[in-house]
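Have a look at the structure below, then the notes.
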Amino acid sequence: MAKIIGASLPNIPWEDRPAGCSEVVWRYSANPIVPRNAVPCANSIFNSAVVPFEGEFAGVFRVDDRRREMRIHSAHSKDAIHWDIDPEPFVLLNPNAKEVGGFRYGYDPRCCKIGDEYIVTWCNWFHGPTIGVATTTDFRVYYQKENAFLPFNRNGVMFPEKINGNYAMLSRPSDNGHTPFGDIFYSESPDLCYWGKHRYVMGTRGGWQSTKIGAGPIPIKTDEGWLLFYHGVLTSCNGYVYSFGACLLDLEQPWKVIARAEPYLISPQMPYEQIGDVPNVTFPCAALTDADTGRIAIYYGGADTVICLAFCKVDEVIDFIKKNNAV
Ligand code: BMA
């Protein structure tokens with residue numbers, strides 16, 4: 001039985017698989033957990049990241065405001081289901097603001113803790129989209145670093161610990177628009193400033209992941225490898241359809257794919273995933289895990305409008321990946 005290597009976190013959200021359900025990943029019955037208007041300025045709140053914080057939970061939430069500008073807001077929660085989202089966007093301190101583009105827009109944040117710092121990555125404007133990086137210790141003030149990469153790039157997702165002594169990140173080079181292509185790459189950095197040692201991880205496949213793919217939540221360390229949930233995009237006759245699936249990456253050389261499931265885990269099938277500002281989107285950006293029970297709670301955006309939760313068990317997901325493997 002595969003096991004999570006990490007902290008015991010018995011207070012993460014959880015709901016047992018409903019009777020009669022045979023899905024490996026099942027949705028929370030009270031979805032969505034965050035409605036589009038949870039703060040007064042919001043047009044929509046989705047694709048957001050959460051982490052354990054001081055015995056409770058904190059997060060960086062994507063809030064598109066009523067100008068339809070993309071912003072990131074801090075959020076806090078006792079139970080990781082009911083969120084207190086700051087009414088104003090996060091404060092980003094940056095002595096090089098002019099050089100690195102400052103904060104013109106930002107979206108799809110991810111977050112992990114390494115040492116005493118929480119590292120936040122997001123899709124940042126720098127003459128087009130690329131990967132912004134900031135650190136915080138309190139989810140009040142954030143210190144912006146250099147952008148990790150040149151434009152154009154999206155879906156920068158850190159590993160939650162150093163690999164081979166370096167910080168490590170997955171990313172997805174893209175274009176300046178609604179990118180009709182996209183593979184996942186791996187990069188390392190000694191200092192969160194200079195990024196290199198780029199490696200190819202994996203590319204598109206048939207069906208739900210045939211147009212482009214991108215890393216989702218921070219990879220989850222298990223005794224069988226890094227468990228990575230990732231989104232995949234299919235181009236339908238009515239536009240893009242965002243589903244998500246999973247694969248296992250090598251623990252020491254995470255650019256090596258150990259196994260990758262062919263079927264998706266979640267595809268837009270519920271009204272809150274199919275109807276919204278962008279229809280047919282399920283977009284995972286975070287996961288909370290409990291090493292003792294193997295429970296995983298996945299946070300994903302629904303239809304670019306709301307935040308949703310889904311649950312799974314690590315051993316069942318890894319079994320699914322291996323049984324349906326097509327590397
Ligand atoms: C991607 C990103 C995501 C969004 C998705 C579907 O390019 O902008 O934030 O969820 O498109 O619109």
Side-chain angles (χ1 to χ4, degrees), residues 31-36 42-50 59-65 67-73 89 103-111 120-126 128-132 149 151-157 170-185 204 208-218 229-245 264-270 272-287 298-310:
N31 273 347
I33 58 163
V34 178
R36 65 182 309 157
N43 166 76
S44 45
I45 307 176
F46 55 108
N47 301 3
S48 297
V50 307
V60 273
F61 281 30
R62 171 170 176 179
V63 176
D64 288 9
D65 67 22
R67 299 168 302 175
R68 298 294 295 257
E69 301 283 353
M70 301 176 286
R71 294 289 180 268
I72 296 171
H73 291 223
F103 190 92
R104 185 159 132 188
Y105 65 59
Y107 58 94
D108 298 354
R110 315 298 206 276
C111 184
V120 181
T121 54
W122 69 94
C123 181
N124 190 45
W125 182 88
F126 176 62
T130 190
I131 308 303
F149 305 113
F152 308 112
N153 201 317
R154 290 180 171 106
N155 297 299
V157 177
L170 300 170
S171 73
R172 212 279 303 287
S174 64
D175 68 11
N176 202 16
H178 297 297
T179 320
F181 62 87
D183 298 345
I184 297 176
F185 288 79
T204 52
W208 67 273
Q209 46 184 336
S210 50
T211 300
K212 54 182 169 177
I213 57 172
I218 303 299
F229 295 104
Y230 66 97
H231 69 257
V233 179
L234 162 91
T235 305
S236 78
C237 57
N238 284 321
Y240 287 161
V241 177
Y242 282 72
S243 309
F244 64 90
Y264 62 72
L265 289 166
I266 292 273
S267 185
Q269 291 170 6
M270 296 298 280
Y272 51 81
E273 299 162 348
Q274 293 178 321
I275 302 166
D277 286 357
V278 181
N280 301 318
V281 182
T282 56
F283 196 98
C285 284
I298 302 171
Y299 291 75
Y300 67 100
D304 283 12
T305 305
V306 292
I307 299 178
C308 309
L309 252 183

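Start at 1 and go down the list; that is how both ligands and their atoms are numbered. One-based numbering along the sequence shown.
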(request) Could you tell me the separation between the OG atom of Ser243 and the OH atom of Tyr300, rounded to the nearest 0.5 Å? (result) 11.5 Å
(message) Once rounded to the nearest 0.5 Å, what's the spacing between atom OG1 of Thr282 and atom NE2 of His231?
(response) 10.0 Å
(message) Quick one about Asp108 and Asn47 (side-chain donor to acceptor, distance below 3.5 Å, no hydrogens or angles considered), yes or no?
(response) yes
Which protein heavy atom lies closest to [atom], and at what distance to 0.1 Å?
atom	answer
atom 12 (O) of ligand 1	Asp304 OD2, 2.6 Å
atom 7 (O) of ligand 1	Tyr242 OH, 3.5 Å
atom 8 (O) of ligand 1	Tyr107 CE1, 3.6 Å
atom 3 (C) of ligand 1	Asp108 OD2, 3.1 Å

(message) Parallel, tilted or perpendicular: which one describes the rings of Tyr242 and Tyr240, with boundaries at 30° and 60°?
(response) perpendicular
(request) Evaluate the ring planes of Phe103 and Trp122, with Trp represented by its six-membered ring, and classify them as parallel (under 30°), tilted (30 to 60°) or perpendicular (over 60°). (result) tilted
(request) May I ask you to identify, for Arg62, whether its side chain, its backbone, both or neither come under 4.0 Å of ligand 1 on a heavy-atom basis? (result) side chain
(request) Indicate yes or no: does an N/O atom of Arg154 lie under 3.5 Å from an N/O atom of ligand 1? (result) no
